[in-house]
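Comments concern the structure below.
Keep in mind that what you see is a predicted model, and the values were worked out from it rather than measured.
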Protein chains: 2
Amino acid sequence: MPETRWLDDEEQGTWRAYIWTNHLLWEALERQLQKDSGIPHAYYIMLVCLSESPDRTMTMTQLASVTQFSASRLSHAMARLEEKGWVRRIKHEEDRRTTMAKLTDEGFSALESAAPGHVGEVRRRVFDPLSREQIRQFHDILSTILSGLESAEESEEDAGPA
Amino acid sequence: MPETRWLDDEEQGTWRAYIWTNHLLWEALERQLQKDSGIPHAYYIMLVCLSESPDRTMTMTQLASVTQFSASRLSHAMARLEEKGWVRRIKHEEDRRTTMAKLTDEGFSALESAAPGHVGEVRRRVFDPLSREQIRQFHDILSTILSGLESAEESEEDAGPA
DNA sequence: CCGACGCGGTTGAGATTTCAACCGACTTCG
DNA sequence: CGAAGTCGGTTGAAATCTCAACCGCGTCGG
């Protein structure tokens, strides 16, 4: 193994800024959503995904893959959302293993009332302070990092037993 | 209240890339740290902060402020770290309310053995794919967002009772 | 058709985080 | 002094997330 290549000052500073930004931004968003609508961000994401899906319906596995949640986490969370009446679980008729999650009207309303505040917060915190040019750069940077992460993900699936 | 200004396509795309990057990056780092050293990232941060502090010691409140953890979270986490023998809590002699957290030698070793893998992962995932120019841009962007978040934080403290 | 295996999803237990209430130690002011 | 308020920190319970085991349905080889 080669000796550790530590981060230089510029990288170090950037990394800490990233950690810190994430931390504060996340907290701000979580708090805003929680106060305004009593929804944790994770649940909000699930509702958004469902709302954008045809018939506001997805199988659990689809939803898990889109949100990148574990099956278990999704299942627990879905139980909560169902209690709130925002989602209904429906057994698939053909393949009786699969469960469909359907966003109810109540769920859609909850989302509608939560969305403006959330979007407003994102805009205020992230995009308003940046120039158009910076937004473009930001997008490029994120896409670059992302593509590396995604290809790493795939190759991990093969990496199971030797 | 003005009508909601939704995100345009460019912003939307950037935002989703951000969410997604965060998600995957976080997962990758957490997993790497966990597998290689059995330390959750939150604990790692605490150890790093202590290790950089004079005498490897900080008061709980200082540590909470640097890491941005709640006092409660910190207290619970510290209890775990103490069980592992990585940190010791010491009562302050003058102000007997305050507790000092001190990184033990074991804790420092644990950190030393965890750090290279973690840094390597960060480098591979984030900095290697980016050009110098992009790193600079990234830093600027994050700093810009950050300064907005920090000033927002201050003003919230006043905002309590009317 | 039968048994083994894989897939979709759930469950329960354990770990972490949050929330609110609390405790003891300073400080301040009458 | 002494009561009230504040500061540093802890605690217990409830919510959430993770991990591993599990259940029922489907599919495939014999």
Side-chain angles (χ1 to χ4, degrees), chain A residues 22-23 26-35 37-46 57-84 87-102 157 160-161, chain B residues 22-23 26-35 37-47 57-84 86-102 157 160-161:
Chain A
N22 245 312
H23 203 68
W26 203 256
E27 204 176 56
L29 292 178
E30 190 78 51
R31 198 164 38 209
Q32 183 277 322
L33 257 183
Q34 192 73 267
K35 301 257 167 178
S37 354
I39 315 178
H41 190 262
Y43 294 3
Y44 179 82
I45 295 287
M46 292 170 55
T57 300
M58 269 194 242
T59 70
M60 295 300 263
T61 309
Q62 285 170 342
L63 189 51
S65 134
V66 173
T67 58
Q68 278 290 296
F69 290 171
S70 71
S72 171
R73 179 180 182 183
L74 191 62
S75 190
H76 285 299
M78 190 60 72
R80 275 224 120 314
L81 288 180
E82 213 172 7
E83 275 176 26
K84 292 208 175 209
V87 160
R88 250 197 325 274
R89 274 191 272 208
I90 303 165
K91 271 290 170 195
H92 194 290
E93 272 313 308
E94 296 170 22
D95 187 337
R96 306 185 48 73
R97 289 172 301 183
T98 81
T99 306
M100 315 289 287
K102 184 173 169 64
E157 285 159 18
Chain B
N22 246 306
H23 202 66
W26 203 256
E27 205 176 55
L29 293 178
E30 191 77 50
R31 198 164 39 208
Q32 181 278 323
L33 214 46
Q34 192 71 266
K35 301 257 167 177
S37 354
I39 314 178
H41 190 262
Y43 294 3
Y44 179 83
I45 295 286
M46 291 170 56
L47 297 182
T57 301
M58 268 193 243
T59 71
M60 296 300 264
T61 310
Q62 284 170 342
L63 189 51
S65 134
V66 173
T67 58
Q68 277 292 295
F69 290 171
S70 71
S72 171
R73 179 182 182 182
L74 191 62
S75 190
H76 285 299
M78 190 60 70
R80 292 226 133 296
L81 288 180
E82 213 171 8
E83 277 176 24
K84 292 208 174 206
W86 288 347
V87 160
R88 252 199 323 274
R89 275 190 273 208
I90 302 165
K91 270 292 171 195
H92 194 290
E93 272 312 309
E94 296 170 21
D95 187 338
R96 306 184 49 73
R97 288 171 302 182
T98 81
T99 305
M100 316 288 288
K102 183 173 171 61
E157 285 159 19

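Residues A:Met78 and A:Leu63 are in side-chain contact: their nearest non-hydrogen atoms beyond the backbone lie under 4.5 Å apart. No side-chain heavy atom of B:Val66 sits under 4.5 Å from any side-chain heavy atom of B:Ile45. B:His92 has its side chain out of reach of B:Thr99: every pair of non-hydrogen atoms, C-beta onward, lies at least 4.5 Å apart. Side-chain contact check for A:Arg89 versus A:Ser75: some heavy-atom pair is nearer than 4.5 Å.
A:Trp26 places its CH2 atom 13 Å from the P atom of C:dT18, with the value rounded to the nearest Å. Distance, A:Leu74 CG to C:dG8 P: 13 Å, rounded to whole Å. We find that CD of A:Gln34 is positioned 17 Å from P of C:dT17, with the value rounded to whole Å. Per the geometry, CD belonging to A:Glu30 stands 14 Å off P belonging to C:dT17, to the nearest Å. C:dT11 atom C1' lies 15 Å from atom CD of A:Glu82, rounded to whole Å. B:Lys84 places its NZ atom 13 Å from the C1' atom of C:dT16, with the value rounded to the nearest Å. The separation between B:His92 atom NE2 and C:dC26 atom P is 10 Å, rounded to whole Å. Between the CE atom of B:Met100 and the P atom of D:dG8 there is a distance of 13 Å, rounded to whole Å.
Closest to the A:Ala71 side chain, of the nucleotides C:dT10, C:dT11, D:dC17, is C:dT10. Across C:dC26, C:dG6, C:dG12, the shortest atom-to-atom separation from the side chain of A:Arg97 is found for C:dG6. The side chain of A:Pro40 lies closest to D:dT16 when the candidates are D:dT10, C:dT10, D:dT16. When distances run from any side-chain atom of B:Asp95 to the nucleotides C:dA25, D:dC17, D:dC19, the shortest one goes to C:dA25.
Residues A:Ile39 and A:Leu33 share a closest heavy-atom pair of O-CB, 3.5 Å.
Put simply, B:Arg96 has no side-chain N or O that comes within less than 4.0 Å of OP1 or OP2 on C:dG24. Proximity of A:Arg89 to the phosphate of C:dT10: a side-chain N or O atom is located under 4.0 Å from OP1 or OP2.
With DNA chain C read from its 5' end, the first of the two nearest nucleotides for A:Gln62 and B:Ala42 is the one closest to A:Gln62.
Applying the 3.5 Å distance criterion, the base of C:dT11 shares no donor-acceptor pair with the side chain of A:Ser75. Residue-to-nucleotide contacts include no donor-acceptor pair under 3.5 Å from the side chain of A:Arg73 to the base of D:dC17. No N or O donor and acceptor, one from the side chain of B:Ser70 and one from the base of C:dT17, sit under 3.5 Å apart.
Within the nucleic acid shown, B:Thr98 comes within 4.0 Å of sugar-phosphate atoms alone, with no base atom in reach, counting heavy atoms only. Residue-level contact check: A:Thr99 touches the backbone only, with heavy atoms under 4.0 Å from sugar-phosphate atoms and none from bases. At the heavy-atom level, A:His76 lies under 4.0 Å from base atoms of the strands shown. Here B:Glu94 lies in heavy-atom contact (under 4.0 Å) with sugar-phosphate atoms only.
Taking the six-membered ring where the residue is Trp, A:His23 and B:Phe69 present tilted rings, their angle falling between 30° and 60°.
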